[in-house]
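Written out below as structure tokens is the structure these notes cover.
In each ligand, atom 1 is the first atom listed, and ligand 1 is the first ligand listed. Values below: every heavy atom of this structure, side chains too, minus hydrogens, waters and symmetry copies.
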Amino acid sequence: MEEKISAIIDRFDLPAVPQEVVPYGNGHINETYRVTTAQGRFILQMISSYVFPHPEEVMENIELVTDYLKQQILVEGGDPARETLSLVKTHGGSSFVLDEDGHYWRMYPFIEGTISRDLPDTPELFALSGEAFGKFQRQLKDFPAQKLHEVILGFHNTPARYQQLEDAIAQDACGRVKDVQPEIAFCQARQAETGILLDAIRQGEIPLRVTHNDTKLNNVLLDAVTGQGICVIDLDTVMPGAAAYDFGDSIRFGANTAAEDEQDLSLVHLSLPMFEAFAKGYLKEMRNALNAREIELLPMGAKLMTLECGMRFLADHLNGDKYFHIHRENHNLDRARTQFALVREMEDHWDEMMQIVQTCSKA
Ligand code: ADP
Ligand code: GN1
Ligand code: MG
């Protein structure tokens, strides 16, 4: 085990000494390790300080939200040890370790008997993840959102994300702009739509809620046997937001028939059965909490989260791949292209998406 990591682990209040530490998971942001001891396994993470300028605020949000969820889960007769993340404290009682290089580290008990999926196997599994994310929003619906730090300013501010893309184009830091003209034109043609959700918030048509903001399928742990959604993880981006952000980001990832970084774009389609399955699961938990406009805007959430994510991948490609971890050349460009292909598919199936959401909201 690397000495540096071992020294960091020593500062957490673990029940036994670590026997094995291995890199773990497929996240794009944090450095994640699985730590095994004779008395259980743990997840150790170094928070990306490039992505999160104030990691201590991230940790404060996570403490507040997990403490609140624990209470809600108990009230509902659930098992907090399995259904929410909980932080392992340091010997000094802190929720994180700050190392000599200025990096922030945190630890969670590993939630056993669960799996996380990078692609949904079946509509049934995807519906169960919809239930889990819907339940997460529902359990936090009375949490005082103003207590949370906005850890990444304008995280789902799609017009601002569009502007960041324009800035990256203007800078052209790596000389890549000349090779991505069709992708740039694709975004420019949709600029006028980028503000639809934000306008609805500003005009008071839809409320700000506590949202997760990064509802990829691999951010929910599913029961390894039943597939039931057990625990929503990756709480770094929990902040005030619109319900459609979480719905939309889940669809972006899980209703794509191809992987997020598929290079063969002919494989990228919107799966309407997956869309319907997620809508059913999510709305089962949230239909009574949402207003009519929020429900109506769920498909727009799917489109804007997909467009936004594509713009972020494209901007990062132009900036030299500084934000999202990449594992091959042009990885972020490949990711951007799948997102744009999926946006096109959503545009082609718009009426069906609207219809499905209406039907599921009444079931
Ligand atoms: P990132 O922000 O980089 O995506 P995540 O917090 O999502 O980091 O963690 C990466 C992966 O590690 C997850 O997709 C999941 O597979 C696994 N993981 C994270 N926390 C736990 C946990 N408490 N128990 C079991 N697996 C976990
Ligand atoms: C990142 O952390 P991870 O891998 O779950 C990103 C999301 C993107 C996603 C695209 C904090 O999610 O916003 O939608 O990659 N998280 C952050 O795969 O930027
Ligand atoms: Mg993750």
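- Relative to the six-membered ring of F186, R190 meets both conditions, a distance below 6.0 Å and an angle of at most 45° to the axis.
- Put simply, N219 gets within reach of the Mg ion (ligand 3), with an N, O or S atom under 2.8 Å from it.
- Heavy atoms of P109 found under 4.0 angstrom from ligand 1 belong exclusively to the backbone.
- Distance from atom 14 (O) of ligand 2 to its nearest protein heavy atom, with residue and atom name: R252 NH2, 3.4 Å.
- For ligand 2, the atoms closer than 4.0 angstrom to any heavy atom of D234 are 2 (O), 3 (P), 5 (O).
- The local environment of CD in Q181 is crowded, with over 12 non-hydrogen atoms from other residues, nucleotides or ligands closer than 6.0 Å.
- I206 is connected to L283 through a chain of hydrophobic side-chain contacts under 4.5 Å among Ile, Leu, Val, Met, Phe, Trp and Tyr, so both are in one cluster.
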Assess whether ring-ring contact (aromatic ring centres under 6.0 Å, His included) is satisfied between Y245 and F155, documenting all intermediate values.
-> CA-CA 10 Å; Y245 296 163; F155 190 62; 8.9 Å; no
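- Ranking the protein heavy atoms by distance from atom 11 (C) of ligand 1 puts G25 CA, 3.9 Å first.
- Contact annotation: for H28 versus ligand 1, heavy atoms closer than 4.0 Å belong to the backbone alone.
- When side chains are defined from C-beta on, T257 counts as touching S271, because their heavy atoms get closer than 4.5 Å.
- Here the heavy atom of the protein found nearest to atom 1 (C) of ligand 2 is I29 CG1, 3.7 Å.
- If you number the atoms of ligand 1 from 1 as listed, the ones under 4.0 Å from a heavy atom of S116 come out as 14 (O), 15 (C), 16 (O).
- One option in E308, R312, K216 has a heavy atom closer to atom 8 (C) of ligand 2 than any other, and that option is R312.
- In this structure, the protein non-hydrogen atom closest to atom 26 (N) of ligand 1 is F110 CE1, 3.9 Å.
- Regarding atom 10 (C) of ligand 1, its nearest protein heavy-atom neighbour is T32 OG1, 3.8 Å.
- Nearest non-hydrogen protein atom to atom 19 (O) of ligand 2 is Y323 OH, 2.5 Å.
- Taking the six-membered ring where the residue is Trp, the centroids of Y24 and F110 are separated by under 6.0 Å.
- With respect to K216 and D234, no salt bridge is recorded, no charged nitrogen being found less than 4.0 Å from a carboxylate O.
- Applying the 4.0 Å criterion to heavy atoms of Y24 picks out, from ligand 1, the atoms 12 (O), 17 (C).
- The atom of D234 nearest to the Mg ion (ligand 3) is OD2, with the search restricted to N, O or S atoms.
- When hydrogens are left out, the protein atom nearest atom 15 (O) of ligand 2 is H28 CD2, 3.4 Å; that is the closest non-hydrogen contact.
- Put simply, the side chain of N157 never gets that close to the backbone of R161: no donor and acceptor are under 3.5 Å apart.
- A salt bridge does not link E347 with R344: every distance from a Lys NZ or Arg NE/NH1/NH2 to an Asp or Glu carboxylate oxygen is 4.0 Å or more.
- Looking from atom 8 (O) of ligand 1 to the surrounding protein, the closest heavy atom is Q45 NE2, 3.4 Å.
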Start with the C-alpha gap between D101 and K4, add the side-chain angles, then the distance that decides, and say whether salt bridge (charged side-chain N to carboxylate O under 4.0 Å, His left out) holds.
-> CA-CA 11 Å; D101 303 323; K4 194 184 134 202; 3.7 Å; yes
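- Annotation: atom 1 (P) of ligand 1 to nearest protein heavy atom, D234 OD2, 3.4 Å.
- Note that the CD atom of Q263 and the CG atom of D261 stand 7.5 Å from one another [nearest 0.5 Å].
- Residue-to-ligand polar distances keep R106 apart from ligand 1: every N/O pair is separated by 3.5 Å or more.
- Heavy-atom contacts of N219 reach the following atoms of ligand 2: 5 (O) (cutoff under 4.0 Å).
- Less than 4.0 angstrom separates some heavy atom of L85 from each of these atoms of ligand 1: 23 (N).
- Shortest contact from atom 15 (C) of ligand 1 to any protein heavy atom: I233 CD1, 3.6 Å.
- The protein atom (non-hydrogen) at minimum distance from atom 22 (C) of ligand 1 is I43 CG1, 3.5 Å.
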Check against salt bridge (charged side-chain N to carboxylate O under 4.0 Å, His left out), R335 and D316 | CA-CA 11 Å; R335 290 171 177 151; D316 200 35; over 6 Å; no
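- Atom 7 (C) of ligand 2 has its nearest heavy-atom neighbour, among D214, I233, N213, in D214.
- Distance OG1/T237 to NE2/H156: 6.5 Å, rounded to 0.5 Å.
- Interface of F313 with ligand 2, defined as ligand atoms under 4.0 Å from a residue heavy atom, comprises 10 (C), 18 (O).
- The 12-atom threshold is not exceeded at NZ of K284, counting heavy atoms of other residues, nucleotides or ligands nearer than 6.0 Å.
- If you look at N219 next to ligand 1, the close heavy atoms, those under 4.0 Å, all belong to the side chain.
- Aromatic pair F247/F133: ring centres not closer than 6.0 Å.
- Counting heavy atoms closer than 4.0 Å to ligand 2, residue T237 contributes side-chain atoms (C-beta onward) but none from N, CA, C or O.
- Distance from atom 10 (C) of ligand 2 to its nearest protein heavy atom, with residue and atom name: E260 OE2, 3.3 Å.
- Just one of V88, I43, L14 meets the side-chain contact (heavy atoms from CB on, under 4.5 Å) condition when paired with P109; it is V88.
- For atom 3 (O) of ligand 1, the closest non-hydrogen atom of the protein is N30 N, 2.9 Å.
- Each of the following atoms of ligand 2 lies closer than 4.0 Å to a heavy atom of F52: 11 (C).
- You'll find the side chain of Q203 stays beyond 4.5 Å of the side chain of R293, heavy atoms only.
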